[in-house]
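Following: one structure in structure tokens, then a few remarks.
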Number of protein chains: 2
Amino acid sequence: MDQVAAAAGVSRATVSRVINNAASVAPGIRDAVQRAIASTGYVPNVAARSLVTRRSNSVALVISEPDRPDDHSFLNRIFTDPYFGRVTAGATGALRPHDVHLVVVPTDSADHHQVIRYLRQGHVDGVLLICSSEHDPLPGQVHALGIPAVLSSRPAAPLPVSHVDLDQRLGARLAAEHLIARGCRRLATISGPLDIPAGSERLEAFRTAAGADAPAVIGDFTRAGGEAAAHRLLDDHPDLDGLFVASDLMAEGALRAVQDRGRRVPDDVAVVGFDDSSPALECRPQLTTIRQPVEEMAAEMAQLLVAHIDEPGRATRSVIFQPTLVLRASA
Amino acid sequence: MDQVAAAAGVSRATVSRVINNAASVAPGIRDAVQRAIASTGYVPNVAARSLVTRRSNSVALVISEPDRPDDHSFLNRIFTDPYFGRVTAGATGALRPHDVHLVVVPTDSADHHQVIRYLRQGHVDGVLLICSSEHDPLPGQVHALGIPAVLSSRPAAPLPVSHVDLDQRLGARLAAEHLIARGCRRLATISGPLDIPAGSERLEAFRTAAGADAPAVIGDFTRAGGEAAAHRLLDDHPDLDGLFVASDLMAEGALRAVQDRGRRVPDDVAVVGFDDSSPALECRPQLTTIRQPVEEMAAEMAQLLVAHIDEPGRATRSVIFQPTLVLRASA
DNA sequence: CTGAAAGCGCTTACAG
DNA sequence: CTGAAAGCGCTTACAG
């Protein structure tokens, strides 16, 4: 930096001002400094800057799961799950124009303190938080830290934190109504884990529309889990003719189970998925599903986070997206 | 930090020493400082530390593609591709014990300079570099920067940079020999892009084993690309009975194409994939494939990078993994 | 084994 | 509009 200052014949303060394009620099001086920067190839040191600005220009995407039996497979599942992939893509894209980078931090309850430590060290200016359980204490802990955060769903305990969510109930209702409208009479569902809204609310709303006694098996949002759940359902209810599965990944497994039992989709059993992520197109038949604009939702989270970082006192906000029914071949 | 020093009745220097557990601190003092740290809940500021140590304790995973027609779909593809997911998982897992974090940086040739700038700013201590073209100038540029780097395949131009790679030729040979051994007589292949070893070498080695005139279509490592390529191949060579596809993702598409034409797998056409990633298990029939230990390879890259960061002059090294044939139902 | 002091490379009131 | 100076919060020779 001193080199640049010397080359341009100004002080370091002035160099700093043109780099951060502060309002008040004489055009002539500004040009001289810019030339000096170009010729020296100077790039400001980010640690020194962070030290005084208290900004890192990075945010964390924390993906928190309650327990993690095995480190290896946990990481594999997270980074291979199309849902998290879409979240990462959406957030990365929205952050790029702000020149802020994303650090993905997978965690489970056993190392929450690691994450807290990471955040307290000032590595990042804020955090996008995705929890797979309502009882996860992390949102509360992060909020207590006073670091800007945006959640991917409504917090269980009321917390003054912005969040982005999907109208889960509407999604499930759309699915149920479609199955009913196409003539299905014995509906059942494979839900997600019940300790998150994406599990409990989709199940409740489905039963509200399909009948309170509609059979349900709780899945785990994995393909294998969906397959097993479908077999269980078909064992107990061999005559079911309409199935709502709370994620496309599980629906892919369920489709397989139905077909392996020699039942045709959609003629014998109609299947509706949820998400509209890549597995929906990979299945045969392709999945009729409830579309969730995951990338846009993640982008919105990122935008909200940036806003909270830029304006600390900013009012908290909740943004709810509406799902839509996407008709394909499975129902 | 001053609080901690005051509470423990020592100087900041001593506090710093116990935090970085420098050898020489009297046990009694050490304990007192640790108690003081615990009671104050002190966490060192990472920017201040980086400024003096010149270490960020982060590394970048740069995924470079030659061109990117559309930002949105590029990010989506990257973060949704099982191969990159496995790389991320492997690297994250290996880095965690070293307490270093991973920043994923997707890029194309249009914003190489952004990446260079990012690296020069000192955001990270080193970079894991994955290029999808041999002609990508990024490895050379990164090396010129003098920042530690590890590549995911042998650099085209000889470059004194460590890299991890797979014995691509062996993999293709394994595939060809298996198809021949099971009785296939009219072999063909769907290769990857020819400007990377994973494309060109697999193709060459396949033809060495299967016959120099074995039909080949060049794919793009996407599912849709594999499907289209298989149709093309079957149009031109309706009698082929053995197909080697250079990635599982493409193989999944190819399987579909073969089956959509009413040909049975493996009876009419045997199909061998490459990677042994999740799509191999999702296909019906499940894929016989060439296993590539992607997570381990990424972990090795991470370990090499850490070693280079810790020991700047360290000799460069290339680590080659051996692929293996995994027998399942498709061939 | 420990402390006083310098210094890492920036930004930003404060004067002028 | 610009500069001199202080300061961000650490670490690390250098003495002792």
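These numbers were taken from a predicted model, which means no experiment stands behind them.
Nearest to the side-chain atoms of Val52(A) among the listed nucleotides dC10(C), dA4(C), dT2(D) stands dC10(C). Distance from the side chain of Thr53(A) is smallest to dT12(C) among dT11(D), dT12(C), dC10(D).
Nucleotide dA13(D) forms a pair with no other nucleotide shown, judged by Watson-Crick or G-U wobble geometry with both contacts under 3.5 Å. Of the nucleotides present, none pairs with dA4(D) by Watson-Crick or G-U wobble criteria with both distances under 3.5 Å.
Not counting sequence neighbours, the partners of His123(B) by the ring pair (Phe, Tyr, Trp, His ring centres under 6.0 Å) test are Tyr118(B).
Remark: P of dT11(D) and CG of Asn45(B) are 10 Å apart, rounded to the nearest angstrom. We find that NE2 of His123(B) is positioned 14 Å from C1' of dC10(C), with the value rounded to whole Å. A straight line from CE of Met1(B) to C1' of dA4(C) spans 14 Å, rounded to a whole angstrom. Atom-to-atom, CD of Gln121(B) to P of dC10(C) comes out at 10 Å; the value is rounded to the nearest Å. As a whole-Å value, the separation of Leu51(A) CG from dA6(D) P is 17 Å. Look at CG on Asn21(B): it is 16 Å from C1' on dC1(C), rounded to the nearest Å. To the nearest angstrom, C1' of dC10(C) lies 16 Å from CZ of Arg55(A). Regarding Arg12(B), its CZ atom lies at a distance of 10 Å from the P atom of dG9(D), rounded to whole Å.
Judged by distance alone with a 3.5 Å cut-off, no donor-acceptor contact links the side chain of Arg54(A) to the base of dG9(D).
A salt bridge is absent between Asp81(A) and Arg86(A): the closest approach of a Lys/Arg side-chain nitrogen to an acidic carboxylate oxygen does not fall below 4.0 angstrom. The existence of a salt bridge linking Asp310(A) and Arg55(A) is confirmed by a sub-4.0 Å separation between a basic side-chain nitrogen and an acidic carboxylate oxygen.
In this structure, Thr14(B) reaches the sugar-phosphate backbone alone: every heavy-atom distance under 4.0 Å involves primed, P, OP1 or OP2 atoms, never a base. Ala13(B) comes within contact range of at least one nucleobase, with a heavy-atom separation under 4.0 Å. Nucleic acid contact for Val46(B): none, since no nucleic acid atom lies under 4.0 Å from a heavy atom of the residue.
Comparing Arg49(B) and Ser11(A) by the nucleotide of DNA chain D that holds the closest heavy atom to each, the one mapping nearer the 5' end is Ser11(A).
Across dG16(C) and dT12(C), the matching C1' atoms stand 16 Å from one another, rounded to whole Å.
Inter-residue side-chain proximity for Ile116(A) and Leu138(A) is flagged as met; some heavy-atom pair is nearer than 4.5 Å. In this structure, Asp125(A) and Val100(A) have side chains that are not in contact, with every pair of non-hydrogen atoms separated by 4.5 Å or more.
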